[in-house]
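One structure is given here, and the rest of the page talks about it.
Computed from heavy atoms alone, side chains included, the values below leave out hydrogens, waters and symmetry copies.
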Amino acid sequence: PQGYEINSSKTMVLGSGHSWNGRLVYFINSTPSQMFDFYRREMPGMGWQVISLYRAPTSVMTYSQSGRIATVEIASGFIYGSDVSIVMAPAVNAHTGAQPPAERPPYGASAAPPSAGVTVQPMK
């Protein structure tokens, strides 16, 4: 949207164009309701498919496109306007062919202790 100010201390973007990943955080002088409506209207027009929409004091919207996931979080600004955070990442699911990370068993009696010179001491 026009008129935003990027929060560089909370933004980390890797890549460029349509293939960036990371988190973009910005402030805009529009209400959270206006921003929710903006993304709900504009994202499908740019080829994004809605996965979930949650409209609340802090709204969360999730979209997918070509093996990527975009999560948009919209909250009220400190005094006025909206704080918007967009997290963009590759999808990890059956549609992309990527496999989720292997689950690790909880560390305990049934799990193997760390190796390679590491010893385990019981807590007292």
Side-chain angles (χ1 to χ4, degrees):
Q2 294 182 354
Y4 65 89
E5 295 177 32
I6 292 178
N7 181 334
S8 59
S9 67
K10 293 184 178 181
T11 294
M12 183 182 74
V13 173
L14 305 171
S16 63
H18 294 287
S19 62
W20 68 275
N21 290 304
R23 180 177 61 194
L24 172 66
V25 180
Y26 69 87
F27 170 81
I28 190 161
N29 191 15
S30 297
T31 67
S33 182
Q34 290 170 324
M35 293 310 302
F36 186 95
D37 293 342
F38 171 83
Y39 280 100
R40 189 170 188 186
R41 179 181 65 247
E42 297 296 325
M43 292 294 278
M46 293 186 290
W48 291 91
Q49 295 179 324
V50 66
I51 295 174
S52 67
L53 300 172
Y54 177 71
R55 189 174 207 147
T58 297
S59 295
V60 179
M61 313 169 85
T62 306
Y63 294 89
S64 69
Q65 179 193 62
S66 303
R68 298 177 71 219
I69 300 293
T71 302
V72 181
E73 184 176 301
I74 305 164
S76 294
F78 182 65
I79 298 175
Y80 63 94
S82 300
D83 291 317
V84 179
S85 173
I86 302 171
V87 174
M88 195 76 69
V92 179
N93 63 35
H95 299 291
T96 65
Q99 297 297 315
E103 286 190 37
R104 292 181 175 206
Y107 185 76
S110 63
S115 60
V118 177
T119 59
V120 177
Q121 299 286 331
M123 295 182 71
K124 295 181 183 185

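- For the pair P44 and Y39, the tightest heavy-atom approach, listed with the atom from each and the gap, is CD-O, 4.0 Å.
- For Q49, the CD atom sits in a loose shell: 12 or fewer heavy atoms of surrounding residues, nucleotides or ligands are nearer than 6.0 Å.
- Of the inter-residue distances, the one linking I74 atom CD1 with F38 atom CZ reads 9.5 Å to the nearest 0.5 angstrom.
- The backbone N or O of M46 sits less than 3.5 Å from a side-chain atom of Q65, completing a donor-acceptor pair.
- The residue from Y80, Y4, F78 that alone fulfils the ring pair (Phe, Tyr, Trp, His ring centres under 6.0 Å) condition with F27 is Y80.
- Cluster annotation: F36 and M43 are assigned to the same hydrophobic cluster (Ile/Leu/Val/Met/Phe/Trp/Tyr, side-chain heavy-atom contacts under 4.5 Å, transitive).
- Here the straight-line distance linking atom CD of E73 with atom CE of M35 works out to 13.5 Å at 0.5 Å rounding.
- In this structure, the separation between CH2 on W48 and OG on S64 is 7.5 Å, given to the nearest 0.5 Å.
- Here the straight-line distance linking atom OG1 of T71 with atom OH of Y63 works out to 10.5 Å at 0.5 Å rounding.
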Can you give me every donor-acceptor pair (side chain of residues 10-22, partner residue at least two apart or in another chain, under 3.5 Å) with its distance?
residue	atom	partner	partner atom	Å
T11	OG1	N7	O	2.8
T11	OG1	V25	N	3.0
T11	OG1	V25	O	3.3
S19	OG	S16	O	3.2

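- Heavy atoms from other residues, nucleotides or ligands lying under 6.0 Å from OH of Y26 number more than 12.
- Hydrophobic clustering of Ile, Leu, Val, Met, Phe, Trp and Tyr side chains at less than 4.5 Å, counting indirect connections, keeps V60 apart from V50.
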Return all side-chain donor-acceptor pairs below 3.5 angstrom for residues 82-92, not counting sequence neighbours, or 'none' if the list is empty.
residue	atom	partner	partner atom	Å
S82	OG	S30	O	2.6
S82	OG	T31	O	3.3

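- Contact record, G3 with I28: O-CG1, 3.9 Å, taken as the closest heavy-atom pair.
- In this structure, the side chain of R55 engages the main chain of S33 through a donor-acceptor pair within 3.5 Å.
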